[in-house]
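To start, the structure itself, in C-alpha cells.
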Amino acid sequence: MNVTTLLQDLIRIPSVNPDGGGPAGTTGEKRVAEFVGGVLEKLGARVTYDEVLPGRPNVIGVFPGGAPGKPRVLFAPHTDTVGIEGMTIDPFGGEIRDGRLYGRGACDTKGTMAAMLAAFAQVGLPRLATLGAEITFVGLVAEETGQHGSRHFARHHPGYDFAIVGEPTRCAAVHVHKGCTWAKMETRGTACHGSTPERGKNAIYAMLPVLHALEDDFQQRLRDPRFAHPVLGPPTLNIGVIRGGSRTNIVPERCVIDLDIRETPALHHYGIERLLREFLAAAGLEKDVTLRLSPTCPPLDTPADHPFVQKLAALGTPLVGAPWLCDATWLAAEGATPGVAAGPGDIAQAHTADEFIEVAELERGVAFYRSFLEAL
C-alpha cells in the first residue's frame, strides 16, 4: 500500500465539516468513511459504521486477535476537515509538488489516517493478530466542531486501554493539552437617538471597565501559581469578538464580548465559572454583567508514566503538551480511555490556505505507527 497514493485518494473525497459550510457535494464524512471502510476490509478488519449524526458515521475496524486479558488499543484520526474558503490551492487535488502533498486534510488529519492504514498494511494481518494487544481503528466524524464523533464513540465503546488520536504533532506524543471554555459577557444600556446620547445609556461604554478588568485583574488570576502546569504553563484568555450597537446614530442598548479561555487541569478542577464569578464580584461588576458559558471541553491529562506512554517514550518519542484540544480528551473523559495525540505533519499547516504535508514526514509517520504496533 503506497501511503502517498492513499492520501491523495482520501483528499480527493471531500469531507468538509458541514458546520463550516462548503459548496454542494463537499460536506459530510459518509463518502470518506465508506472508502476507509473498504480499505480496512481489504486489510482484514471487521468493519461497522456507527451513525453519529444524520448521514455522518464513524467507521470502525476491529482486527482479529482479541483474547481474554489482552489490552485493547485504539487508533483514532478524524475524517472531517475544516472549510475551503480562501484556499490558494485546489483543496481536493492531492497534488505533489517539491516534496509536499497538498490538499484540505493533508495535514489535519487525513495524513495521519493514511499513515495509520499504511502501517497496518506493512505489519500485515498475521502479525496484527498475534500482537500483545487487540487493535481497533475508528475514523471519527465532527472533530472540527463539537467532537460529536469521539463523544459518541466514548459513550458506546468505552474502556479501551489506550488510544492514539491522529493529529499532526511531528510524531511527538501530546499526553497533556489544555481544555477550552467559551463564555459571553453582556452589558445593557438604553437606546435613544444618537443626537441626544444624554437621554440613553451606552452599553459599549459600560463594557469598557469590564475589558480593563479582564486585561488586568483576570489575567493576574489566571497566572495564579495554583493553576500553572509544568508542561502547559498558565491558562490563557483571548477576547475574540466584540459586538455592540445597531446603527451609528443610535445609542447602543447591548454590548457582548466572546471569551476563549484555555484551561489547565488545575483550573478545570477549580471551575472556570467559579473563577469568572469571583472576578466579577471582586471588580464590583456582577450586577452590570450577564455571564453565559458554553459547554466546556476538558483538558487531556494522561500521566507520562502510563505504561503505553512509556512504550512510546522507549521508542524515542518526545512527550509534549499542546495549547489546542482534540478528540483524545473525550475518549478519556467520557470513555475512560487514556491516550495521546500523535502523528505526522505539523500543526502549523493545519487549516491553512495551502495545507500540505511533507511526503518524507508522511512516510516517517508510517514508520512511527508501525514501530509502536510492533512494540505491543
Side-chain angles (χ1 to χ4, degrees), residues 17 19-21 82-83 85-86 143-147 177-194 196-224 226-229 232-299 322-326 329 350-351:
N17 190 302
D19 289 348
V82 294
E85 185 177 0
E143 189 271 349
E144 296 293 356
T145 304
Q147 296 82 52
H177 69 54
K178 290 180 178 177
C180 179
T181 292
W182 285 359
K184 293 181 183 292
M185 291 186 176
E186 179 179 340
T187 52
R188 302 292 298 198
T190 303
C192 68
H193 198 283
T196 55
E198 69 279 2
R199 294 181 179 177
K201 179 182 178 182
N202 191 310
I204 293 176
Y205 288 160
M207 185 62 75
L208 293 178
V210 182
L211 294 170
H212 289 306
L214 284 168
E215 182 63 23
D216 186 8
D217 179 58
F218 191 70
Q219 292 282 15
Q220 291 182 29
R221 287 170 183 264
L222 291 180
R223 290 191 289 269
D224 188 317
R226 293 177 298 165
F227 303 139
H229 188 278
L232 300 173
T236 61
L237 164 71
N238 178 57
I239 303 172
V241 178
I242 183 167
R243 297 178 297 275
S246 57
R247 289 177 60 89
T248 306
N249 61 349
I250 299 175
V251 171
E253 65 176 351
R254 184 171 178 264
C255 184
V256 180
I257 57 172
D258 292 355
L259 312 180
D260 180 318
I261 302 166
R262 301 298 166 129
E263 306 167 68
T264 58
L267 177 55
H268 183 74
H269 290 307
Y270 184 84
I272 188 61
E273 182 172 3
R274 174 184 172 187
L275 189 72
L276 284 166
R277 293 199 182 281
E278 288 174 349
F279 150 73
L280 290 172
L285 296 168
E286 72 272 29
K287 294 182 180 179
D288 302 321
V289 176
T290 301
L291 174 67
R292 296 187 297 275
L293 278 74
S294 299
T296 297
C297 182
W324 41 261
L325 54 89
C326 70
T329 193
H351 303 188

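To the nearest 0.5 Å, the span separating CG on Leu293 from CD1 on Ile261 amounts to 7.0 Å. We find the CG-CZ distance between Leu214 and Phe279 to be 4.0 Å, quoted to the nearest 0.5 Å. Between Leu276 atom CG and Thr181 atom OG1 the span is 8.5 Å, to the nearest 0.5 Å. The SG atom of Cys297 sits 4.5 Å away from the CG atom of Leu325 when rounded to the nearest 0.5 Å. The line from CZ of Phe227 to NE2 of His268 is 13.0 Å long, rounded to the nearest 0.5 Å. With rounding to the nearest 0.5 Å, the separation of CG in Asp19 from CD in Glu144 is 10.5 Å.
Arg262 places a side-chain heavy atom less than 4.5 Å from the side chain of Cys180. Within the 4.5 Å cutoff, the side chain of Phe218 has heavy atoms near those of the Leu275 side chain. When side chains are defined from C-beta on, Pro252 counts as touching Asn202, because their heavy atoms get closer than 4.5 Å. Residues Pro265 and Leu232 have side chains in contact (heavy-atom distance under 4.5 Å, counting atoms from C-beta outward). Considering only heavy atoms from C-beta on, Asp260 stays 4.5 Å or farther from Leu237 through its side chain. Contact check for Val256 versus Ile242: no side-chain heavy atoms found under the 4.5 Å cut-off. Inter-residue side-chain proximity for Leu222 and Leu267 is flagged as met; some heavy-atom pair is nearer than 4.5 Å. Using a 4.5 Å heavy-atom threshold, the side chains of Cys326 and His177 count as touching.
What you find for Cys192 and Thr196 is that their closest heavy atoms are SG-O, 3.3 Å.
Partner of Asp224 under the side-chain hydrogen bond (donor to acceptor under 3.5 Å, both in side chains) criterion, out of Arg226, Gln220, Arg221: Arg226 alone. Among Leu285, Ile257, Ile239, the single residue meeting the side-chain contact (heavy atoms from CB on, under 4.5 Å) criterion with Met185 is Ile257.
Looking at Lys178, its side chain does come within 3.5 Å of a backbone N or O of Pro234 through a donor-acceptor pair. At distances below 3.5 Å, at least one donor-acceptor pair connects side-chain atoms of Thr329 with backbone N or O atoms of Pro298. With Thr264 contributing its side chain and His229 its backbone, the two residues share no donor-acceptor pair below 3.5 Å.
A cation-pi contact links Arg274 to Tyr270, judged by a cut-off of 6.0 Å to the six-membered ring centre and 45° from its axis.
In this structure, Arg199 places its CZ atom where only 12 or fewer heavy-atom neighbours from other residues, nucleotides or ligands lie under 6.0 Å away. Other residues, nucleotides and ligands contribute over 12 non-hydrogen atoms within 6.0 Å of the CD atom of Gln219.
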List the steps and the verdict of side chain to side chain contact (heavy atoms under 4.5 Å, CB included) for Lys287 and Leu280.
-> CA-CA 9 Å; Lys287 294 182 180 179; Leu280 290 172; over 6 Å; no

Would Leu291 and Arg277 count as a side chain to side chain contact (heavy atoms under 4.5 Å, CB included) if you check the C-alpha gap in whole Å, the side-chain angles of each, and the deciding distance to 0.1 Å?
-> CA-CA 8 Å; Leu291 174 67; Arg277 293 199 182 281; 3.9 Å; yes

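Counting only residues at least two apart or in different chains, salt bridge (charged side-chain N to carboxylate O under 4.0 Å, His left out) contacts with residues 237-254 comprise Glu186-Arg254, Arg243-Asp258.
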